[in-house]
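Some notes on the structure that comes next.
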2 protein chains.
Amino acid sequence: MADVTERDWRPRYVQLAEELRDRIVNGELPAGSPLPSEPELAARTGMSRTSVRNALRELREWGLVRAEQGRGTFVRAPKVRVTRRNIERYQWEKDRVHQPEEMRRQKGGTEYDTGLEVHQLQFHAEYSTVDASEEIAATFKVQAGTKLLRRMYWTSAKTEDAPLSMSVSYLIYDAVAKNPALLDDKNEPWPGGTHHQLSTIGVEVDHVSDHVIARPPTPSEVEILRTEPGDWILSIRKISTGVDGKVVEVADAVYPADRTELVYGIKLHPWEKK
Amino acid sequence: MADVTERDWRPRYVQLAEELRDRIVNGELPAGSPLPSEPELAARTGMSRTSVRNALRELREWGLVRAEQGRGTFVRAPKVRVTRRNIERYQWEKDRVHQPEEMRRQKGGTEYDTGLEVHQLQFHAEYSTVDASEEIAATFKVQAGTKLLRRMYWTSAKTEDAPLSMSVSYLIYDAVAKNPALLDDKNEPWPGGTHHQLSTIGVEVDHVSDHVIARPPTPSEVEILRTEPGDWILSIRKISTGVDGKVVEVADAVYPADRTELVYGIKLHPWEKK
DNA sequence: GAGTGGTCTAGACCACTGT
DNA sequence: CAGTGGTCTAGACCACTCC
């Protein structure tokens, strides 16, 4: 219904975008259904195709629709967020080290997150050595240029095209080299994960800190995570410190921001009795 | 230098955007400096103004520039992220309850975050009552429609135009009503904060959980936080549980994603001696 | 008033998808 | 092949800022 009593001062393309948004959230245009084509919207509204495209761009930035070249523009399914409880997860990873190897083989970190079984997952690991950048060196409290083992991981479900996670881990090369098996990515996935790997060189992790930021994806992240234009990613830098107080691992993990929820549960100390 | 050996298949507007991006990250166009105007870029590159605008839109989505109506397009300053350490912060807030009132007055949560003094901050609080939605009721484990006290807060620095935070807190109305002073927003800012308010009705918070997601801002958040188009926000839902196991507060806080870093420090249990 | 970015038109050709 | 979205042009008028 047009409102005659008061002028609508907003640009026409914004008005069209909001009209379409309302039809989507009302369920008139359900997830997966195509929007009217651009020429059709232009004809129906009397606007130029350029203005119609401006409206559709708004809807894309709001994450409501996805345009597919040659096919049409479709309503996106509301994303189901994967919940990551890192506090419990890190403790589980640490405790796993003293399980028998049989059990360590059966379940890794990604299986823990997704509930999927080992055989449903595609696991990739790639090791290389790099010289520490200023920033990473400062985190490790070592000299810039120190030799690091750089380990890249990504995991995807075999049935899905969208990868689930992607992470990079850095270790001090000279420390890890005490156990040469740790230098070869052919030994991945290592039963028991990083905590077990570190235990073979006498390291026990004492505490971990997660540094969470959100930012636009880099071009390579766009490629790997298949994010839509305008989507952001959550990036978590995990810094692990050993019982001797030295930083033993720095790892960066990225997740699609619209499909991820992080939960941190915090126990507070009781009040002193007065 | 043009590369003649291999064709550049990418759209021209993307090429222009990347050329300008390189000049920004190289420091040739420092923060705050204006880009060439749209007509000038069009003339210089031989492209239409529409294509030039497409390139500038890319740069805006990457968070590199900000367009100002009637003035020009400017390189954005790299955002300094405010670090929020919620674990330490929540403990500090709880411990503060037993400080003398004198000290409680001097420093509130925002001062804790920013290091600014009370007199440099503009504080707003607005209370209302609402009926619990399905979702919030489920979190409180009460019936949908239960009467809640809804408290909105926002804080800004007096010298800055950009607000620092915005949050909404829900409490069970009937529980809070035991102390009528808690129902009046004129008593804000309350010395000692929410933990002290809850202590007046006999509630001690036992644990808290943070649920972190990133998403595009709602229109009202755009208005209040003055985010740029394409920016996202971090939204934290904090659920506080009392020592009796009941959920006592549900609060949502939103922060500009490009100016915020969250840090969670996690102590792991030591390995059992074998 | 001159210059800026914001909106808008009426076309055009292209790459890609389906039949 | 027809239909879709992606790129692109060459204009126009507007609201806004600064001098």
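A quick note: this is a predicted structure, and the numbers were derived from the prediction, not measured.
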- Go through the side-chain N and O atoms of B:Asn86 and B:Arg89 and say whether any donor and acceptor fall under 3.5 Å apart. no
- Carboxylate-amine/guanidinium proximity below 4.0 Å for A:Arg49 and A:Glu40: no
- Quick one: do A:Arg60 and A:Glu58 make a salt bridge, cutoff under 4.0 Å? no
- Message: So that I can tick it off, tell me whether B:Glu221 and B:Arg215 are bridged by a salt bridge, with the cut-off set at under 4.0 angstrom between side-chain N and carboxylate O.
- Response: yes
- Query: Does B:Arg53 make a side-chain N or O approach to OP1 or OP2 of C:dG6 shorter than 4.0 Å?
  - Reply: yes
- Item | Closest to the A:Glu38 side chain, choosing from C:dT7, D:dG6, C:dG6 | D:dG6
- Query: Nearest to the side chain of A:Ala67, which nucleotide is it out of D:dG5, C:dT7, C:dG6?
  - Reply: D:dG5
- Query: Short question: side chain of A:Thr45, backbone of A:Leu41 - any donor-acceptor pair under 3.5 Å?
  - Reply: yes
- Message: Among residues at least two apart in sequence or on other chains, which ones pass side-chain contact (heavy atoms from CB on, under 4.5 Å) with A:Glu188?
- Response: A:Phe123, A:Ala125, A:Tyr127, A:Arg151, A:Tyr153, A:Trp190, A:Gln197
- Message: Nearest whole Å is fine: how far is D:dG5 P from A:Phe74 CZ?
- Response: 8 Å
- Query: Once you round it to whole Å, what is the distance between P of D:dT7 and CG of A:Asn54?
  - Reply: 13 Å
Polar atoms only, N or O, under 3.5 Å: list the protein pairs with nucleotides 9-12 of chain D and their distances.
unit_1: D:dT9; atom_1: OP2; unit_2: B:Ser48; atom_2: N; d: 2.8
unit_1: D:dT9; atom_1: OP2; unit_2: B:Ser48; atom_2: OG; d: 2.7
unit_1: D:dT9; atom_1: OP2; unit_2: B:Ser51; atom_2: OG; d: 2.8
unit_1: D:dA10; atom_1: N6; unit_2: B:Thr50; atom_2: OG1; d: 3.3
unit_1: D:dA12; atom_1: N6; unit_2: B:Arg49; atom_2: NH1; d: 3.4

Interface polar pairs with nucleotides 1-3 of chain C, N/O, under 3.5 angstrom:
unit_1: C:dG3; atom_1: N2; unit_2: B:Gly70; atom_2: O; d: 3.0

- Any Lys/Arg nitrogen of B:Lys238 or B:Asp210 sitting under 4.0 Å from an Asp/Glu carboxylate oxygen of the other? no
- May I have the distance from B:Glu68 (atom CD) to D:dA15 (atom C1'), rounded to whole angstrom? 15 Å
- Note on the structure: Separation of D:dT7 atom P from B:Leu16 atom CG, nearest Å, is 14 Å
- Grab the CZ-C1' distance between B:Arg57 and D:dC8 for me, whole Å please. 13 Å
- Query: Do the charged groups of A:Arg81 and A:Glu261 touch, with an N to O distance under 4.0 Å?
  - Reply: no
- Roughly, in whole Å, what's the span from CG in A:Leu56 to C1' in C:dT7? 16 Å
- Item | Presence of salt bridge, B:Asp231 and B:Arg66, under 4.0 angstrom | no
- Message: Does C:dC8 have its OP1 or OP2 closer than 4.0 Å to a side-chain nitrogen or oxygen of A:Tyr13?
- Response: no
